[in-house]
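Hydrogens, waters and symmetry mates play no part in the numbers below; they use all other heavy atoms, side chains included. For reference, positions follow the sequence shown, starting with 1. Both counts, for ligands and for their atoms, begin at 1 and track the order of listing.
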Amino acid sequence: MQDANTPGICEGYLMKRRKWPLKGWHKRYFVLDKGILRYSKNQHDFSKGKMHGALDVSLAVMSVNKKARRIDLDAGDILYHMKVSYCILLQYDAIKLTVSDYLHVCLCFTQSGSGRSLSFHAPSVADSAAEYFDACDELMCASSSEMSDESGLSDGSSNSEPDEAHGYLSKAPAKLNSIKNTGHRTTLPAVCPDNSHVGLMTILYNNIGKDLSRVSMPAALNEPVCLLQRLCEELEYSDLLDTANHTDDPYQRMVYIAAFAISGYATAQYRNRYKPFNPVLGETFECIREDRGFRYISEQVSHHPPISACHAESNNFNFWQDQRWKNKFWGKSLEIMPTGMVNVTLKNYGDHYEWNKVVTCIHNVLSQQRYLEHYGEVIIRNLKSSVCTCKITFVKVYGSKNEVQGQVLDETGNIVHRFGGFWHEGIFCDTLPNPQCIWKPNPQPKNYMIYYGFSSFAMEMNELTPDLKPLLPPTDTRLRPDQRLLEEGKIEETDKKKDEVEEKQRERRKILAKRGEEHIPCFFRKTLDAAGKEVWLYNGTYWKIRDNAGFVNVKNLELW
Ligand SMILES: CC(C)CCC[C@@H](C)[C@H]1CC[C@H]2[C@@H]3CC=C4C[C@@H](O)CC[C@]4(C)[C@H]3CC[C@]12C
């Protein structure tokens with residue numbers, strides 16, 4: 001959508017947020033030509049044709065943060081974060097420009113070092129109303145604070161792009177690929193609804209400034225699992241923890257813990273068309289898996305902000321985390337920044353591993369071209385021993401999709417093990433005594449596309465068998481009526497029921513507020529960890545009650 005009056009080529013230096021490592025900024029040479037923005041390390045590289053990604057600015061949503069002198073361009077697939085060294089943003093505040101014109105102005109100013117007269121043409125506001133949607137200013141302050149990434153200004157001389165992906169996953173052993181009979185259901189009662197017609201754009205734009213989790217959306221956008229169950233899905237490859245608990249070498253053990261940390265992201269590959277139910281405050285979900293040797297309990301412990309706490313135990317390990325996150329909506333993409341830590345202890349060695357989660361980005365969130373990407377660094381520490389740590393990088397480099405690289409480091413920082421692969425395909429470690437594929441996702445079940453993209457494990461999540469029903473507390477997700485209706489394919493009834501469940505929650509809140517009381521979770525308690533961070537720990541009561549008198553004898557919340 002080039003305007004005839006727009007100046008042709010414009011170029012200059014801007015600061016660009018580093019892709020690798022993810023923090024800090026470096027100076028890059030940008031060229032805007034016929035509406036396409038490209039960049040190189042410097043002018044010399046550009047003249048030699050050494051260019052990095054191309055972004056079509058007519059397709060991008062721009063957001064400007066004047067105070068931080070930041071321009072963020074979101075073209076759905078590509079997200080550029082830039083900084084300008086002059087306060088030109090302020091100067092051009094009053095004039096409505098297209099994204100393309102705006103960038104022209106910025107580039108020309110940086111190039112000349114001072115205000116150079118430009119013959120730009122201000123288009124009609126209506127032309128570009130959508131492009132002007134200033135997503136960031138409002139959404140960022142509402143739901144998140146800016147990451148502190150001001151440090152580490154790079155001079156642009158370091159070549160830090162990582163190696164190419166390796167094609168070694170074909171060596172994966174075949175046994176990792178077989179589907180086991182678990183005695184659980186293998187499909188859902190009804191296929192998923194087509195939700196491509198739902199006007200997400202309107203919903204999101206009408207709710208600017210609100211946390212996505214607070215926005216009530218039509219049921220056709222939901223999948224019949226809730227976030228407590230999604231958290232349990234992270235245990236799909238719990239056998240890696242079992243293996244770790246039988247691996248004497250602490251460095252190798254760490255490799256298995258790392259593979260487990262990565263494996264939790266695999267399901268995201270097929271799960272971008274629907275969103276999980278948001279559990280109501282006090283909702284619980286248990287999952288007893290004799291075949292996998294663990295039992296899991298989770299509870300929604302806070303509503304604003306939403307926090308889901310969970311705990312799993314087996315003969316080999318304990319696993320717990322409280323999940324919370326911040327959202328950043330950039331106009332086309334939504335970034336999810338989880339803030340809680342994941343914890344695993346191993347019974348045989350007394351290890352206590354702790355690690356962070358990476359950023360998940362939903363690209364093109366408003367369209368059917370939606371897909372998920374994870375990026376950032378995971379650091380795994382063993383709080384009980386400093387023998388080794390592990391660093392996993394979810395690579396964010398143009399042209400290398402879903403790549404992960406990791407290293408196990410000894411106390412002095414030497415690399416003991418290296419591994420890598422793709423979070424949707426598998427991980428290979430070539431430094432083990434016999435180099436091998438250490439994890440590969442299970443094959444997707446037949447017809448998974450018409451069943452919300454669920455894995456077999458996800459299909460089993462909301463199953464309610466007659467023998468299980470009387471043993472569950474009434475707060476268990478499996479008994480949540482709207483989610484059950486959706487699972488059965490009754491979309492309209494789901495919508496109605498969902499409103500009722502949400503309304504009931506609001507009423508409970510009002511009553512508590514009136515009494516000046518605070519909701520107290522049943523099975524988790526809030527404490528501070530060693531670093532002074534607020535964490536939610538299992539209080540031990542759930543299984544005690546369930547194994548003894550059962551939940552019929554206790555006073556339970558009435559959630560629906
Ligand atoms: C509006 C709808 C249709 C768009 C689809 C949104 C979906 C893809 C979003 C909504 C909530 C998101 C989840 C929220 C939190 C986490 C925890 C994080 O550690 C991994 C990603 C994960 C699990 C997200 C995956 C993507 C997700 C499921």
Novice: Looking only at non-hydrogen atoms, find the nearest pair between V501 and R480 and report the distance.
Specialist: CG1-NH2, 3.9 Å

Novice: Could you check whether atom NZ of K497 has more than 12 heavy atoms from other residues, nucleotides or ligands sitting under 6.0 Å from it?
Specialist: no

Novice: Test side chain to side chain contact (heavy atoms under 4.5 Å, CB included) on K396 and H374 and set out the steps.
Specialist: CA-CA 8 Å; K396 188 195 186 191; H374 309 295; over 6 Å; no

Novice: Verify the neighbour count for atom CD of E492: are there more than 12 heavy atoms of other residues, nucleotides or ligands below 6.0 Å?
Specialist: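 For E492, atom CD is not crowded (no more than 12 foreign heavy atoms under 6.0 Å).
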
Novice: Can you tell which of K275, Q323, H374 gets a heavy atom nearest to atom 16 (C) of ligand 1?
Specialist: Q323

Novice: Using a strict 4.0 Å cut-off to heavy atoms of R271, name the atoms of ligand 1 that fall inside it.
Specialist: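 Those qualifying, in numeric order: 8 (C).
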
Novice: Which class fits the ring pair W320 and H352: parallel under 30°, tilted 30 to 60°, perpendicular over 60°?
Specialist: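 Rings of W320 and H352: tilted, 30 to 60°.
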
Novice: Identify, by atom number and element, the atoms of ligand 1 in contact range of P276, meaning under 4.0 Å from any of its heavy atoms.
Specialist: 28 (C)

Novice: Against heavy atoms of K357, which atoms of ligand 1 measure under 4.0 Å?
Specialist: 19 (O)

Novice: With heavy atoms under 4.0 Å as the rule, classify the contact between N195 and ligand 1 as side chain, backbone, both or neither.
Specialist: neither

Novice: For atom 27 (C) of ligand 1, tell me which residue out of L221, I362, T360, T267 has the closest non-hydrogen atom.
Specialist: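 Selected option, by shortest heavy-atom distance: I362.
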
Novice: Would the Y270 and Y448 ring centres measure less than 6.0 Å apart?
Specialist: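 Yes, ring centres under 6.0 Å apart.
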
Novice: Could you tell me, atom by atom, which parts of ligand 1 come under 4.0 Å of a heavy atom of R273?
Specialist: 3 (C)

Novice: Which atoms of ligand 1 are found less than 4.0 Å from any heavy atom of W325?
Specialist: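 With W325 as reference, the close atoms of ligand 1 come out as 14 (C), 15 (C).
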
Novice: Is A268 in contact with ligand 1, taking contact as a heavy-atom separation below 4.0 Å?
Specialist: no

Novice: Can K347 be said to sit on top of F317's aromatic six-ring, NZ or CZ under 6.0 Å from centre and within 45° of the ring axis?
Specialist: no

